[in-house]
Structures are given as C-alpha cells and as structure tokens.
There are 2 protein chains.
Amino acid sequence: MEEIRKRRDEMMMKRGLNPHISIDCVIFGFDFEQLNVLVIRRGVDKSKKKSRMALPGDLIYDDENLDEAADRILNELTGLKGVFLEQVGAFGDPDRIKTDDDQEWLRSIRKKPEARVVTVAYYSLLPMDNCKLLASSFALSAEWKPLKEINELAFDHLDILKDSYSKLRAKLATHPIGFNLLPEKFTLGQLHKLYEAILEKDIDKRNFRRKILKLDILTQLEEKQTGVAHKPSRFVKFNEKNYKKLSETGFDNFSF
Amino acid sequence: MEEIRKRRDEMMMKRGLNPHISIDCVIFGFDFEQLNVLVIRRGVDKSKKKSRMALPGDLIYDDENLDEAADRILNELTGLKGVFLEQVGAFGDPDRIKTDDDQEWLRSIRKKPEARVVTVAYYSLLPMDNCKLLASSFALSAEWKPLKEINELAFDHLDILKDSYSKLRAKLATHPIGFNLLPEKFTLGQLHKLYEAILEKDIDKRNFRRKILKLDILTQLEEKQTGVAHKPSRFVKFNEKNYKKLSETGFDNFSF
DNA sequence: CCAAAAGTGTTGAAGTTACACCCATGC
DNA sequence: GCATGGGTGTAACTTCAACACTTTTGG
C-alpha cells in the first residue's frame, strides 16, 4: 500500500497528476454465455471483511486529454490498445464517496483524499480472450465478474455501471457495436447469444440471422468450427468497409 | 469587469467555487422557423475587434452536483426552471483554451486563469417565448443566434455545440423530445416545421402527421389559431401520461 | 442412437413511401 | 380572388413476427 503511494507520488512529480478529475472505465466482456465486467480489488483488507470491489479508474494527468487517459487505464489493465471506448458522461455528486471503507481506500492512494473529484466514465467493449488482467498502479488485482452478479461497488460505481449498461443497450439498438465483444472470427450463433445476453431476451433465430445478414457487414469464411458436438458453424468476419460506414451512420429509425 | 470579478470573489468565499470543473450549456430554442442557440457576449472588447461569442457556462460550486449547476446556469440566464436538460459529456483537452482573446477573458473572470478546467456540457431544449435573457454573473449579455450562422465560438465551444446537436438529433430519432421546444399549446404544422428544422430535410406532411398521431401522446384542443392568413389549425397539447411513458422507453428500433 | 446447435422459407400483419386535392382564413 | 398553410386517403411496397423441420457433428 505504502509502496503504491510512493510510486504514484514519484509519477506525479514527473508528469503532473490532476487531483480533481478521474476516469472510471466500465469494461465489458462476453464469454459466449453472458456479459461480464472487469472489476478491481482495492485491497483495503485490514479488518478482514472483504472490501467492496470497484471499477478500474485513475486520476488524469495534466498533459493528456480524457480519451487518452481512458485509453491509458484500459491499456495498463489489459494490455490492449485501440479497443472500442466511448464516453458515458461525467459523474460528480459532492457526496459520491460514501463509506468509511471508500474513504480509507482514498487515503491510501491519494494525496488529497478529501478533495472533490469529478469522474468521467467510459465504457469499453473488448474480446475477453486475448486480454490479460494486469495489476497496475491503481489496482492490486482485476477480475471478470458477471454483470448480473454485481450488486454493489465502491463509491458511485454502481450508478456508473447502470448508466453504462443502458447506454450500451441503446447504442446496440442503432449501431452494430456488439461485434467488438467477439474475436475476429466468430459464428452467427455466438453473435445471436451476445444479443440475447445484452438485451436480456430471447430472439428468434431465423429473424435474427436475416436481419443481421441484411446489414451486409459480414463476410462468410470457409473455415468451420471444430470439436463441437453438433453441426459445425461457418465462421464469419467483418466486411470492414461496410461495417465502418454503418457504424458511423447507424440504422436509426423514427426517421421520416 | 472589475465589478464582476469582485462579486464572484465574494461568492467564492461564501460558497466555495470549484476552479477545476465548469459547466457549459447549449440552449436550443425554436422560433417556428429555425433552430437557435443561446450565446453570450463576453465583453472583452478592448481592441475594438468584436470578441467571439461563447456558450453560457460557469464553474461549479463545491456543494452542488453537476445537474444542479447546469440548472442554476440556465435559471440565471433565462429565469426558467425545470426545463429539458441532458448531459452531453465532459470535454477536457488540455489545450482547449486556444486564443489570446480566450486567455484574456479568463484572466478577467477567474482567479486561476491558467488552471486546467474540464467542462461538462449540457444541452437544453426550451420554448423561446416565455424566456427572458438576463445578464448574469458569467455573461454581460445573451442573445439567440440561428444555429446555422454559428461558425465560431470561444474555446472549444464549437465542438461542444456540434456534439450537442448530433446528440439532439440522435435522441429525436428515438424519443419524442422535440415538444420541449414548443409552447404548451402548439399546432401540428409547427411541430412538423420543427422536425424539418432539426433534421434538416423535408418531411412529407401526411406521413408526418400520421406517424406522430399514432404515438398517441397528443390531445387535440378545441381552440384554434387566430390571425393567420390561412385555414386556422387546431392546437394540441400533450397527453402527459402517455408522453412520459414514451419518453422513458423511447421508440427504438433495431429491436428484435 | 442421442444430444446439441446449425441452417433454412413462408405467410399474414404492420408499417413505410409517394402522391394531389379541397378548405378556411386574411388581405 | 389569391396566397397561404390546414387537413385528408390510398395503393404499392417493404419489413416484421411467428413458426418447425432437417443436417452435421461428438460422444
């Protein structure tokens, strides 16, 4: 703990941490069954009761903009670069630091633990497979947790998570972003399950396939699944060009 | 100028201005012809060249949350309370203060003009009629300007405006929010023009009316227009209950 | 042979688009 | 009487929702 603070203090000297603005990231991953969120252990475990987990986040540096800071946090934690990342918004209730536990945690990592901090939340979609979970300057450890099982988080992180999730669902209704949660090659069945998991409802298989295919953003590959105990599915990947275009325009609807 | 700073300094003593976070508001109004935006004059007119205009905005107080701060700014400027207000997001490029002009303005109103400030942007929709334009602690004067004629603004306010506008359009495609720009009683023709103005395209009159009416959020009134040189239109107003419900759920579409 | 997911079409209902004329009013 | 926007219906087309069976593989 003392170590962490020391290292951070050194960093601050060099680069200029801004103690008033932080970034928190809601990192979504899909394990082909359900939606998961990356949460960190803070490690204030003094009194043996398990401390609440938190969203990964950090203060920003004075020489980086908000998107860059979010990118940095994501990269420190997962080793990934250039993944889907979108701002959710700013959260800044004066009383967002609620519990003693939270306060203790802040004292352990911040120079001015009592200062009001406004946090800017981002959500990110990434393929869970080629993603390591690294300890980092702001997290003792990190782990994936099913979205449905997350009932409490430190600070106002549960609010942030809820907002992020509803933003994800809204965006999914107008933009083909779900793909960001899957590996490069995937099957329509996986995509189908992904939509069902995010939207929390059953979707008719035939209608789903028709609708997705009509978007014309997928290229069918020759390669098939192996080692599955059922008829193997053909893999698909993006048609990058069409996908980009559609990602920008979206397929809005009350459209006239 | 000196006056303004003095008054603000007093306020800060009492209440605690947070010099690191500001709020900027994009206030949209509709004059039955086109979309307008409320911009303020900053009044740094020393060198006689007209200074650029800006979005209304202010630092936040330490005891108010972000939504409250936005509400306060809006209320100071227009006298209105409880109007439609939605967060756009945080903007915080380290170099958002671009010109000498901007820097001079900051020196005139802020204690620490060189500090990095992250701003949280909101957009607001309000009926232009019962809205006064008041000078306020952060604006010498305010005026409506057609959106289309705004080609430059101070700081990064033009970026904020663009983002707000596209957020407005996206939201309009899924939620019946356009009504917030109209007075309590309005005609379908006015609403039609409003949609055309925001979406920047012609919309077939009959299809528009059918689609809007099918939402079942309007109540037809007996009262008709007077003093118009054509067949007078019946006024309509909301069915509050249905409107609320639809505002929350939206009428999304890629929906399965 | 059994379990498990892949893959495939049709039909009826609902929604969308495009389009033209008469009406009520002020001047 | 003329200019202006208000108000109305239909037909062709597209999209959507609901629904069941055969195929391929592993075990």
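Scope of the values below: all heavy atoms of this structure, side chains included, with no hydrogens, waters or symmetry mates. Numbers restart at 1 for each chain; the letters A, B, ... are given by sequence-line order, proteins then strands.
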(message) OP1 or OP2 of C:dT16 versus the side-chain N and O atoms of B:Lys211: is any pair under 4.0 Å?
(response) yes
(message) The criterion is ring-ring contact (aromatic ring centres under 6.0 Å, His included); which residues satisfy it with A:Phe28, sequence neighbours excluded?
(response) none
(request) To the nearest Å, give me how far apart CZ (B:Phe208) and C1' (D:dG7) are. (result) 14 Å
(request) Round to a whole Å and report the spacing from CG of B:Leu215 to C1' of C:dG15. (result) 13 Å
(request) Check side chain to side chain donor-acceptor pair (under 3.5 Å) between B:Asp31 and all other residues, then give those that pass, not counting sequence neighbours. (result) B:Asn36
(request) Please state how far atom CZ in B:Phe235 lies from atom P in D:dG6, giving the value in whole angstrom units. (result) 11 Å
(request) Apply salt bridge (charged side-chain N to carboxylate O under 4.0 Å, His left out) to A:Glu223 and list each qualifying residue two or more places apart in sequence or on a separate chain. (result) A:Lys185
(request) Measure the distance from CD on A:Gln220 to C1' on C:dA6 and round it to the nearest whole Å. (result) 12 Å
(request) Could you state the atom-to-atom distance from CG of A:Asp202 to P of D:dC19 in whole Å? (result) 13 Å
(message) I need the CD-C1' distance between A:Gln225 and D:dT25, as an integer number of Å.
(response) 10 Å
(message) Whole angstroms only, please: what is the CD1-P distance between B:Ile203 and C:dT16?
(response) 13 Å
(message) Does D:dG7 have its OP1 or OP2 closer than 4.0 Å to a side-chain nitrogen or oxygen of B:Arg209?
(response) yes
(request) Check the distance between D:dC16's P and A:Ile212's CD1 and give it to me in whole angstrom. (result) 12 Å
(message) Which residues pass the side chain to side chain donor-acceptor pair (under 3.5 Å) test with A:Asn239, not counting sequence neighbours?
(response) none
(request) Enumerate the residues from residues 182-194 of chain A whose closest heavy atom to DNA chain D is under 4.0 Å, giving them by residue number; use none for an empty result. (result) none
(message) Assess, by modelled atom type and distance only, whether the side chains of B:Asn207 and B:Arg210 contain a donor and an acceptor separated by less than 3.5 Å.
(response) yes
(request) Go through B:Tyr123 and B:Asp163 one step at a time and tell me if the side-chain hydrogen bond (donor to acceptor under 3.5 Å, both in side chains) criterion holds. (result) CA-CA 10 Å; B:Tyr123 78 95; B:Asp163 267 28; over 6 Å; no
(request) Examine C:dA5: is either OP1 or OP2 under 4.0 Å from a nitrogen or oxygen in the side chain of A:Ser233? Give yes or no. (result) no
(message) Does the protein touch nucleotides 19-27 of chain C at the base, only the backbone, or not at all? Give it as B, S and - per nucleotide, heavy atoms under 4.0 Å.
(response) BB--BBBS-
(message) The criterion is side chain to side chain donor-acceptor pair (under 3.5 Å); which residues satisfy it with A:Lys237, sequence neighbours excluded?
(response) none
(request) Applying ring-ring contact (aromatic ring centres under 6.0 Å, His included), name anything that partners A:Phe238, two or more places apart in sequence or on another chain. (result) A:Phe179, A:Tyr243
(message) Can you list everything that forms a side chain to side chain donor-acceptor pair (under 3.5 Å) with B:Glu68? Sequence neighbours excluded, please.
(response) none
